[in-house]
Amino acid sequence: TKERPWEHVPQINLYPKYFMPRVMDNCIELEITGIYKREQQLDEEELSSYQTPISKELVTLVIDEGQEEQTTTPVSPEQGKRGIGKCLCSLYNDNSFLVLLLLSILIAYAYPPIGATYLAPKITATWIAVIIIFFFSGVKLKSEELTKALQRFRFNMFVQCYNFFAVSSVVYGISRLMLHLGALNVSLADGLVISASVPITINMVLVLTTSSDGDEAAAVFNAAFGNLVGVFLSPALILLYLGVKGAVDVGSVFYKLILRVVLPIAIGQIFHKYSPRIVSFMNLHKVGFNKFQEYCLVFIVYTVFCRTFSEEIDTSVGDVFIMIALVCFLLILMMVFAWFLLRFLFPHQPRLQVMGLFGCTHKSIAMGIPLINSIYEDSPSVGFYTLPLLVWHPLQLIIGSILAPHLRNFVKSNEEQTHFDASEENETSDVH
């Protein structure tokens, strides 16, 4: 017992030869091959709940020795450097996509000819990368969820109409106002309209809905349905708002969209339905495929900005900062409008309200960038058309992450109140 006092710590079932206890701040941590795997918080109440006096004494002894060791053991410079390195690696792993996007834009600015000419972007970025992205999207798209449309037709139609029409029309009106006042560059104003016309994002809506205790089934359906409809509706909205500009040939645009977007998604759906082995293989290596899809997106962004920086541009840094502030304002504004409408139209349904808040305003960078690149592949301003969407994407994640715990509490309190009201009604009916 004296050699292995940690055996008396409750809920620890690992073999002593594989770990050593480490005590810091009244907390016993188990270190297995250098990685902390388990920690057991201890307080006076828990210590008093141990069954034998000797176990309480031994655990107290372990805590005291650990605290003494903590106060007497200095942190070496090497350990400090390793801690900083781990922190940076963790930061990169959590935000790798945004970091790579920023680096790609900076590298494109440093020497544009690589991505504008040498990497053959009209083949590699405009065709190969786009086809790969939409093929993977087609394989992963759960089209069987579309059968749930009839169950919540009113709610689903509200989310889709708000996401496509309400957001894009408000953004179009405000962007034209900013243009009229001379407060925003034409390319960035058009980019705002383009970003507002793309469909709902898939992964982010589902993750935020789940973390906020929203309706996951509704999130899956609206993400799948929105992306399928967006293949046709987004280009139509963009051309409706902005018209045919410069070298844009409408017939050629839709022909290329069919080859680059519709056909890869259709082939992916065929594999999804008739090749379960391929689907299971992709699910097994989901992280790797998602990373590869992200790298394709980063490559497209890189070539897009290489082409933009290789041309004469009339956009200043001040215009970019105005655009960023405007995107933040528009996103918050549309979320507030959506929340009040959801509370009014779908009362006593907090899970649907939470899902609708995200589904009504989120925009897909995975669908948007390839679409923009396909429509405006010959335009020198294509980089500025994509820039507002690159700002919209992280902002919706940041705002959603901030709101998630509050929305979770909102769902919990509303469901408790609904349950309480129902029980009161039952008691009243029993009395009568």
Side-chain angles (χ1 to χ4, degrees), residues 11 41 43 45-46 94 140-167 199-227 229 328 331-364 392-432:
Q11 300 179 5
Q41 296 287 347
D43 54 27
E45 194 173 315
E46 288 176 319
D94 294 338
K140 294 186 293 183
L141 203 58
K142 298 179 180 179
S143 56
E144 57 270 14
E145 295 291 337
L146 302 181
T147 57
K148 298 180 180 179
L150 296 177
Q151 298 177 8
R152 290 170 178 165
F153 179 79
R154 181 167 163 264
F155 173 78
N156 295 328
M157 284 300 297
F158 171 79
V159 171
Q160 297 300 325
C161 290
Y162 192 97
N163 188 282
F164 279 112
F165 300 111
V167 174
I200 181 177
T201 184
I202 296 179
N203 294 330
M204 192 182 296
V205 163
L206 184 58
V207 168
L208 290 175
T209 299
T210 303
S211 63
S212 304
D213 282 344
D215 194 305
E216 295 180 34
V220 172
F221 164 76
N222 281 282
F225 183 77
N227 277 262
V229 173
C328 186
L331 180 56
I332 295 174
L333 177 69
M334 297 313 298
M335 291 184 78
V336 171
F337 281 165
W339 182 249
F340 281 110
L341 287 174
L342 287 163
R343 295 278 288 163
F344 175 74
L345 296 174
F346 306 99
H348 313 301
Q349 300 183 69
R351 292 182 181 274
L352 283 183
Q353 294 169 5
V354 168
M355 184 274 136
L357 178 64
F358 299 126
C360 285
T361 55
H362 278 210
K363 297 297 178 178
S364 172
W392 194 294
H393 179 80
L395 275 178
Q396 65 191 12
L397 176 61
I398 293 170
I399 295 174
S401 301
I402 294 172
L403 292 177
H406 303 287
L407 292 172
R408 188 165 55 246
N409 294 332
F410 165 78
V411 171
K412 182 180 178 182
S413 62
N414 272 263
E415 289 187 340
E416 289 176 351
Q417 183 64 37
T418 302
H419 180 71
F420 177 76
D421 293 341
S423 62
E424 277 195 340
E425 288 180 3
N426 292 332
E427 290 178 358
T428 306
S429 61
D430 290 341
V431 170
H432 290 298

Heavy atoms of L352 and A218 approach each other most closely as CD2-CB, 4.0 Å
Compare every heavy atom of F164 with every heavy atom of G226, then report the nearest pair and how far apart it is. O-CZ, 3.5 Å
Distance (rounded to the nearest 0.5 Å) between [X] [atom1] and [Y] [atom2]:
| X | Y | atom1 | atom2 | value |
| --- | --- | --- | --- | --- |
| L403 | L208 | CG | CG | 9.0 Å |
| N414 | L407 | CG | CG | 11.0 Å |
| F358 | I200 | CZ | CD1 | 11.0 Å |

Among all residues two or more places apart in sequence or in another chain, which pass the side-chain hydrogen bond (donor to acceptor under 3.5 Å, both in side chains) test with [X]?
| X | value |
| --- | --- |
| N227 | none |
| Q160 | N222 |
| R408 | none |

Can you pull out every side chain to side chain donor-acceptor pair (under 3.5 Å) where at least one residue sits in [range]? Sequence neighbours excluded, please.
| range | value |
| --- | --- |
| residues 355-364 | N163-K363 |
| residues 393-405 | W392-Q396 |
| residues 206-219 | R152-D215 |
| residues 331-359 | R343-Q353, R351-E415 |

Partner residues of A338 under the side chain to side chain contact (heavy atoms under 4.5 Å, CB included) criterion, sequence neighbours left out: Y162, C360
Across all chains, not counting sequence neighbours, the side chain to side chain contact (heavy atoms under 4.5 Å, CB included) partners of I332 are C328, V336, I399
L341 and F158, any side-chain heavy atoms less than 4.5 Å apart: yes
Go through the structure and list residues passing ring-ring contact (aromatic ring centres under 6.0 Å, His included) with F155, not counting sequence neighbours. F346
